[in-house]
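Sequence positions, counted from 1, serve as the residue numbers for this chain. Below, each value reflects all heavy atoms present in this structure, side chains not excepted, and no hydrogens, waters or symmetry copies.
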Amino acid sequence: MKYTLILENLNCAHCAGKIEQAIAETDGYEKVSFNFATKELRFESEKKHPAAEIQQICDSIEDGVSVKETASKEKKKLTTEHILLIIALVFGAAAVVFHLAVHNEAADIAVLVLSLAATVLAGWKVFIKGFKNLIKFRIEETVLMSIAVIAAFILGEYVEGAMVTLLFTVGELIEDFAVDASRRDIEKLSQIRPDTAIIIHHGHEEEVAAESVAVGEIIVIKPHARIPIDGVVVEGSSTVDNAALTGESIPVAVAVNDEVLSGGINGDSLLKIRTTRLLRRAKAKN
């Protein structure tokens with residue numbers, strides 16, 4: 001049986017690779033592939049309800065990953081974590097002001113309290129993750145980050161410890177937003193692909209669903225038509241407008257053995273291409 005699951009809250013490409021490898025190495029799973037851009041995990045398995053086991057594998061590698069059968073369409077809202085980060089930034093800024101402008105015992109205590117509060121509010125998830133990785137003997141960035149912050153506080157560099165935590169957390173937040181934005185752009189691009197393709201069947205052209213076209217089949221791209229599936233040109237020469245895909249304003253000349261991408265618009269000449277990928281629109285199926 002073939003499955004397609006969605007791994008929500010997975011914005012680390014390195015962790016995604018580990019999860020994919022771990023699933024592939026688990027008995028009962030074959031042809032495992034994960035598309036980081038669309039969050040789609042595809043595999044074949046004879047297990048009837050693999051989602052629970054997939055969730056366990058994800059939890060053992062990356063906290064917070066949620067295994068779902070369909071992608072969530074809800075827009076991200078201001079969460080408790082975002083509110084805590086904003087408060088932490090205010091505390092961190094206040095600690096810097098006290099550290100630079102006031103020099104007395106009371107100010108030193110205020111700097112310690114404000115820095116500690118900012119560090120805990122902004123980095124509690126990082127520290128928990130770092131601790132879990134440490135007991136699993138995985139020396140990753142969260143472990144190194146935690147060690148650096150603890151060392152800073154032991155040495156009395158309270159503001160520096162807080163700033164490292166804040167900058168790290170803000171950086172991860174910006175990275176998450178950038179990844180989500182890229183995924184939304186890719187989803188928009190996927191909508192411009194045609195739903196049908198023209199194949200050569202018994203010497204005649206036949207229009208079929210693009211999802212049903214196998215890898216290695218020859219499809220016909222008529223002049224000014226949009227390319228439905230990635231492939232390599234086997235007959236003809238033309239130009240392809242990839243502006244919607246790459247932003248390149250000038251059409252690219254293509255000939256035999258050149259690769260073309262789905263979503264590109266053919267020029268004035270007919271092309272025949274051999275498909276190199278399957279077209280899949282994510283829906284869990286078995």
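Screening V113, L112, V111 for a side-chain contact (heavy atoms from CB on, under 4.5 Å) with I109, the sole residue that qualifies is V113. If you run side-chain contact (heavy atoms from CB on, under 4.5 Å) between F127 and each of T119, V120, V143, only T119 comes through.
Side-chain contact annotation: T142 with N133, donor-acceptor N/O pair under 3.5 Å present. N9 and S66 are not linked by any side-chain donor-acceptor pair at a separation below 3.5 angstrom, with hydrogens and angles left out of the test. The closest side-chain donor-acceptor pair between D268 and H224 falls under 3.5 angstrom.
Between V234 and I218, the closest side-chain pair of non-hydrogen atoms falls below 4.5 Å. Residues I19 and F34 form no side-chain contact, since every pair of their non-hydrogen atoms from C-beta on lies 4.5 Å or further apart. Contact check for V170 versus L85: side-chain heavy atoms found under the 4.5 Å cut-off. In this structure, the side chains of V254 and T239 stay at 4.5 Å or more apart for every pair of heavy atoms. The side-chain heavy atoms of L84 and W124, taken from C-beta on, include a pair separated by under 4.5 Å. In this structure, K272 and I221 have side chains that are not in contact, with every pair of non-hydrogen atoms separated by 4.5 Å or more. Taking the side chain as every heavy atom from C-beta outward, E8 and I6 approach each other to under 4.5 Å. By the 4.5 Å heavy-atom criterion applied to side chains, T275 and P228 are not counted as neighbours.
By the criterion of side-chain heavy atoms lying less than 4.5 angstrom apart, applied directly or through intervening Ile, Leu, Val, Met, Phe, Trp or Tyr residues, Y158 is not grouped with V90; the two fall into different hydrophobic clusters. Residue F98 is grouped with residue L166 when hydrophobic side chains (ILVMFWY) are merged at heavy-atom distances under 4.5 angstrom, including chains of intermediate members. Hydrophobic cluster membership is shared by V96 and F168, with clusters built from Ile, Leu, Val, Met, Phe, Trp and Tyr side chains linked at under 4.5 angstrom. Connection of L167 to L116 is not established within any shared hydrophobic cluster, with ILVMFWY side chains joined at heavy-atom distances below 4.5 Å, either directly or through further cluster members. By the rule that hydrophobic residues join a cluster once side-chain heavy atoms approach within less than 4.5 Å of another member, V220 and I227 end up as members of separate clusters.
Of the possible donor and acceptor atoms, none in the side chain of Q21 sits under 3.5 Å from a partner among the backbone N and O of A16. A donor-acceptor contact shorter than 3.5 Å is absent between the side chain of E206 and the backbone of I199. For T26 (side chain) and A22 (main-chain N/O), a donor-acceptor pair under 3.5 Å exists by modelled atom type. Using modelled atom types, one side-chain atom of E217 and one backbone atom of A214 make a donor-acceptor pair closer than 3.5 Å. In this structure, S60 contributes its side chain and I57 its backbone to a donor-acceptor pair below 3.5 Å. Although no hydrogens or angles enter the test, the distance criterion places a donor-acceptor pair under 3.5 Å between the side chain of D230 and the main chain of S262. Listed for the H82 side chain is a donor-acceptor partner under 3.5 Å among the backbone atoms of T79.
Counting all heavy atoms, side chain and backbone alike, A88 lies closest to L121 at CB-CB, 3.9 Å. Looking at every heavy atom in both residues, N266 comes nearest to S238 through OD1-OG, 2.8 Å. The two residues V126 and E172 make their nearest non-hydrogen contact at CG2-OE1, 4.4 Å. Between V149 and G161, the shortest heavy-atom distance links the atoms CG2-O, 3.9 Å. Here the closest non-hydrogen pair linking L10 and C15 is CD1-CB, 4.2 Å. Of all heavy-atom pairs spanning A162 and A118, the tightest one is CB-CB, 4.4 Å.
The CD1 atom of I23 sits 4.0 Å away from the CD1 atom of I54 when rounded to the nearest 0.5 Å. To the nearest 0.5 angstrom, M1 atom CE is 6.5 Å from S45 atom OG. Between the CD1 atom of I265 and the CZ atom of R226 there is a distance of 4.0 Å, given to the nearest 0.5 Å. In this structure, CD in E207 is found 11.5 Å from CD1 in I219, a value given to the nearest 0.5 Å. Atom CG of L155 sits about 12.0 Å away from atom CD1 of I150, to the nearest 0.5 Å. For the atom pair OH (Y3) and CG (L41), the distance works out to 12.5 Å, reported to the nearest 0.5 Å.
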Report the C-alpha distance between S115 and F153 in whole Å, list the side-chain angles of each, state the deciding distance to 0.1 Å, and finish with yes or no for side chain to side chain contact (heavy atoms under 4.5 Å, CB included). CA-CA 9 Å; S115 298; F153 273 86; 4.2 Å; yes
Verdict with reasoning, V215 to L278, per side chain to side chain contact (heavy atoms under 4.5 Å, CB included): CA-CA 6 Å; V215 173; L278 295 175; 3.8 Å; yes
Assess whether side chain to side chain contact (heavy atoms under 4.5 Å, CB included) is satisfied between M163 and E157, documenting all intermediate values. CA-CA 10 Å; M163 289 301 104; E157 303 295 340; over 6 Å; no
Given side chain to side chain contact (heavy atoms under 4.5 Å, CB included), test M145 with T165 step by step and report yes or no. CA-CA 8 Å; M145 162 75 179; T165 307; 3.6 Å; yes
Could you walk me through whether K132 and E62 satisfy the salt bridge (Lys or Arg N to Asp or Glu O under 4.0 Å) test, starting with their C-alpha distance in whole Å, then the side-chain angles of each, then the deciding distance to 0.1 Å, before giving a yes or no? CA-CA 10 Å; K132 289 181 177 180; E62 177 71 3; over 6 Å; no
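The pair E235-R274 fails the salt-bridge criterion, with no side-chain N (NZ, NE, NH1 or NH2) lying under 4.0 Å from an Asp/Glu carboxylate O. Using a 4.0 Å cut-off between a side-chain N of Lys or Arg and a carboxylate O of Asp or Glu, E140 and K18 qualify as a salt bridge. Ion pairing between K125 and E81 holds under the 4.0 Å rule for side-chain N and carboxylate O.
The aromatic rings of F43 and Y29 stand perpendicular to each other, their planes meeting at an angle above 60°, with 30° marking the opposite boundary.
Applying the 6.0 Å contact sphere to CG of D27 captures no more than 12 heavy atoms from other residues, nucleotides or ligands.
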